[in-house]
Amino acid sequence: MQKPSIPKGTRDFSPEEMVRRDHIFDTIKNVFRLFGYQPVETPAMENLATLTGKYGEEGDKLLFRILNSGNFLSKVSTDELEHMPPAALATRISEKGLRYDLTVPFARYVVQHRNEITFPFKRYQIQPVWRADKPQRGRYREFYQCDADVIGSRSMLNEVELIQIIDEVFARLGIKVSVHVNNRKILTGIAEYIGEAGNMMIMTMAIDKLDKIGLEGVVREMRAGGLSGEAIEKLQPILTMKGKLKERFPALQEMLKNSPTGLEGIQDTMTILKYLKDLGMKARFDLDLTLARGLDYYTGAIIEVLAEDVPMGSICGGGRYDDLTGIFGMKDVSGVGISFGADRIYDVMNEMGLFENLGVASSQVMFVNFGPEEERYCMNILQKLRQERITAEIYPEAAKMKKQMTYANNKNIPFVVLIGSEEMKNGRAGLKNMKTGEQHTIDTEELPDEFKKNSRAAGG
RNA sequence: GUGCAUGUAGCUCAGUCUGGUUAGAGCACCGGAUUGUGGUUCCGGGGGUCGUGGGUUCAAGUCCCAUCUUGCACCCCA
């Protein structure tokens with residue numbers, strides 16, 4: 001028999017890992033709710049027409065496509081099968097795909113349900129997404145995104161709140177982060193300023209890599225992309241611009257004074273950063289002109305969050321998209337959102353050792369099983385304990401004591417109750433503390449109070 | 001999609017360079033010391049088609065090729 005396995009880039013999660021993952025999800029969910037966001041879910045698969053063309057050329061390549069059911073070749077001739085380009089053939093034999101992110105399905109959702117929605121609509125969504133990427137550190141083929149989006153409002157207050165959410169989530173999780181903020185409109189303005197408006201994508205993709213490949217690398221890449229030497233020359237001071245925001249913004253405004261779009265981007269960004277400064281952020285935050293982000297649909301603010309202590313790439317990102325719903329037939333609806341990468345956050349926290357004091361979820365007490373009589377007797381006590389919200393279980397068979405004790409020990413169950421025939425007769429129970437090893441007998445009626453007392457003493 | 005590594009017990013790894021009896025260790029698991037007491041100790045035990053397929057050789061875990069897995073870099077990204 002072949003060893004069972006799971007597809008490349010996917011993972012199983014053990015109980016220990018689930019406790020930790022749930023901790024992340026719960027933290028994020030609680031903060032989302034705190035800011036008035038409401039949950040929605042969408043299907044794992046979407047029609048391919050919904051997904052294609054939204055993530056750029058690269059994104060399309062990374063879509064998982066689902067083969068049509070039944071005879072998926074019935075409408076394809078042998079000739080087409082042999083000579084059609086693979087991409088064209090793919091659309092003929094597959095009309096569904098796994099979602100690539102949560103933002104595009106959400107845009108589809110908003111358009112489809114527009115009459116039921118009160119705008120501005122603040123929604124959160126925590127679900128897995130799939131990308132046919134080659135897996136490596138911090139990159140999986142199935143991973144969870146935790147998204148919060150506001151749709152139907154152009155106010156920069158939304159950007160401010162989303163960054164506050166970021167700040168609060170990472171503070172609660174105990175990760176030190178830096179929040180990088182930029183604006184596509186500023187990038188557009190810069191492209192216009194250096195006389196390369198048509199090459200904006202090449203320019204932004206190149207400068208996005210500044211911290212990775214250095215200034216020379218960026219210059220090389222832009223030159224290869226067809227930007228003029230003059231333009232590159234003109235761009236350099238902007239890339240290396242340092243100093244306080246108070247100095248950088250006026251300098252930028254002066255440079256982009258002929259670009260209404262650029263000036264608008266600067267104004268928006270100033271508004272956001274001013275708010276954040278007044279509100280007092282726990283995380284470091286800054287204008288980062290080298291931040292570009294790849295997703296095609298961003299038009300305004302762009303946000304990216306990096307862990308300060310662990311190199312992991314972006315653990316949260318987002319931005320404003322002015323016309324994502326337009327593609328689905330609903331014009332002039334602006335949205336802005338962020339997305340937490342739960343799996344990367346997990347990896348960061350794991351490397352930082354932040355999970356160590358997170359116990360494994362398990363029962364607070366286990367009853368030893370001595371046989372049919374005792375079993376029946378204990379089941380009644382168990383029921384009473386559970387009614388008092390005390391997590392409790394009985395070992396399901398009358399196995400050897402050693403085996404039952406080992407089970408309790410391995411599951412980190414703090415208390416074991418022993419009720420044999422003697423105890424049954426006089427309504428008593430042996431109560432053993434697994435940490436200290438000490439044991440005494442008490443009346444079975446006292447058990448609920450005993451555990452409530454102990455759970456308080458244990459701090460939770 | 002491109003390049004480079006990697007794979008030996010449930011887990012972490014040694015053995016591969018330099019082919020040569022029956023492939024090892026630690027941890028985990030099971031049993032016993034201890035018939036109503038786990039976590040410490042001692043004793044014993046089960047476990048492996050050496051990722052898979054092919055090739056070279058008298059002989060392959062070891063060398064060669066292919067393939068898959070996992071990881072790293074690029075591309076891109078959470």
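Here is the naming used below: chain letters follow the sequence lines, and residue numbers restart at 1 for every chain. Values reported hereafter were calculated over all heavy atoms of this structure, with side chains retained and with hydrogens, waters and symmetry mates removed.
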What pairs of nitrogen or oxygen atoms, one from the protein and one from nucleotides 35-40 of chain B, lie under 3.5 Å apart?
unit_1, atom_1, unit_2, atom_2, d
B/G36, O6, A/Glu423, OE1, 3.2
B/G36, N1, A/Glu423, OE1, 3.4
B/G36, N1, A/Glu423, OE2, 3.1
B/G36, N2, A/Glu423, OE2, 3.4
B/U37, O2, A/Lys432, NZ, 2.9
B/U37, O2, A/Gln439, OE1, 3.4
B/U37, N3, A/Gln439, OE1, 2.7
B/U37, N3, A/Gln439, NE2, 3.3
B/U37, O4, A/Gln439, NE2, 2.6
B/G38, O2', A/Asn409, ND2, 3.4
B/G38, N7, A/Lys432, NZ, 3.4
B/G38, N1, A/Met434, O, 2.6
B/G38, N2, A/Asn409, OD1, 2.9
B/G38, N2, A/Met434, O, 2.5
B/G38, N3, A/Asn409, OD1, 3.2
B/G39, O4', A/Asn409, ND2, 3.1
B/G39, N2, A/Lys435, O, 3.0

Quote, to the nearest angstrom, the [atom1] distance that separates [N] from [M].
N	M	atom1	value
B/C43	B/G48	C1'	25 Å
B/U18	B/C29	C1'	37 Å
B/G46	B/G31	C1'	10 Å
B/C75	B/G3	P	16 Å
B/G7	B/A14	C1'	15 Å
B/U8	B/U62	C1'	11 Å
B/G44	B/A59	C1'	36 Å
B/G61	B/C50	P	7 Å

#### Entry: Whether A/Phe143 stacks on the six-membered ring of B/A78 base, 5.5 Å and 30° limits
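The ring of A/Phe143 is stacked on B/A78.
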### Task
Please step through salt bridge (charged side-chain N to carboxylate O under 4.0 Å, His left out) for the pair A/Arg11 and A/Glu17, ending with a clear verdict.
CA-CA 11 Å; A/Arg11 296 150 300 154; A/Glu17 289 169 310; over 6 Å; no
[X] [atom1] - [N] [atom2] separation (whole Å):
X	N	atom1	atom2	result
A/Leu306	B/A78	CG	P	12 Å
A/Lys400	B/A33	NZ	C1'	12 Å
A/Arg11	B/A78	CZ	C1'	11 Å
A/Ile24	B/A78	CD1	P	17 Å
A/Leu102	B/A78	CG	C1'	10 Å
A/Asp133	B/C76	CG	P	11 Å
A/Asp149	B/A78	CG	P	13 Å
A/Lys61	B/C77	NZ	C1'	14 Å

Are any side-chain N or O atoms of [X] and backbone N or O atoms of [Y], one a donor and one an acceptor, separated by less than 3.5 Å?
X	Y	value
A/Asp322	A/Ser334	no
A/Asp343	A/Tyr144	yes
A/Arg20	A/Asn350	no

Do other residues, nucleotides or ligands put more than 12 heavy atoms under 6.0 Å from the [atom1] atom of [X]?
X	atom1	result
A/Arg220	CZ	no
A/Met379	CE	no
A/Arg386	CZ	yes

Strictly by Watson-Crick or wobble contacts shorter than 3.5 Å, is anything paired with [N], and which nucleotide is it?
N	result
B/C27	B/G10
B/C63	B/G55
B/G36	none
B/G1	B/C74

### Message
Among A/Asp286, A/Thr290, A/Leu289, A/Leu306, exactly one meets side-chain contact (heavy atoms from CB on, under 4.5 Å) together with A/His180. Which residue is that?
### Response
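It is A/Leu306, the one option of A/Asp286, A/Thr290, A/Leu289, A/Leu306 that forms the side-chain contact (heavy atoms from CB on, under 4.5 Å) with A/His180.
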Table please: side-chain donor-acceptor pairs of residues 440-447 of chain A below 3.5 Å, with sequence neighbours left out.
unit_1, atom_1, unit_2, atom_2, d
A/Thr441, OG1, A/Arg428, NH2, 3.2
A/Asp443, OD1, A/Arg428, NH1, 2.9
A/Thr444, OG1, A/Gly427, O, 3.4

### Task
Tell me, please, which residues at least two apart from A/Arg65 pass salt bridge (charged side-chain N to carboxylate O under 4.0 Å, His left out).
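Not a single residue meets the salt bridge (charged side-chain N to carboxylate O under 4.0 Å, His left out) criterion with A/Arg65.
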#### Entry: Residues that A/Thr10 engages under side-chain hydrogen bond (donor to acceptor under 3.5 Å, both in side chains), provided they are two or more places apart
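With neighbours one apart ignored, the set is empty.
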### Task
Pick base, sugar-phosphate or nothing for A/Cys146, based on heavy-atom distances below 4.0 Å to the nucleic acid.
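Contact class for A/Cys146: none.
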#### Entry: Upstream residue (5' side of RNA chain B) when A/Ile315 and A/Glu221 are each assigned their closest nucleotide
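By nearest-heavy-atom nucleotide position, the 5'-most residue is A/Glu221.
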### Query
Considering only heavy atoms, which members of residues 167-182 of chain A lie under 4.0 Å from some atom of RNA chain B?
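By residue number: none to list.
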#### Entry: Residue pair A/Arg137, A/Glu351: steps toward the salt bridge (charged side-chain N to carboxylate O under 4.0 Å, His left out) verdict
CA-CA 12 Å; A/Arg137 175 186 165 88; A/Glu351 281 183 38; 3.0 Å; yes
For nucleotides 69-73 of chain B, which of its nitrogen or oxygen atoms have a protein nitrogen or oxygen under 3.5 Å away, and what is each distance?
unit_1, atom_1, unit_2, atom_2, d
B/U69, OP2, A/Lys8, NZ, 3.4
B/U70, OP1, A/Gly9, N, 3.4
B/C72, OP2, A/Arg137, N, 2.1
B/A73, OP2, A/Gln136, OE1, 3.4

### Message
Show, in sequence, the C-alpha distance, side-chain angles and deciding distance for A/Glu159 and A/Tyr275, and conclude whether the side chain to side chain contact (heavy atoms under 4.5 Å, CB included) test is met.
### Response
CA-CA 10 Å; A/Glu159 273 87 340; A/Tyr275 257 112; over 6 Å; no
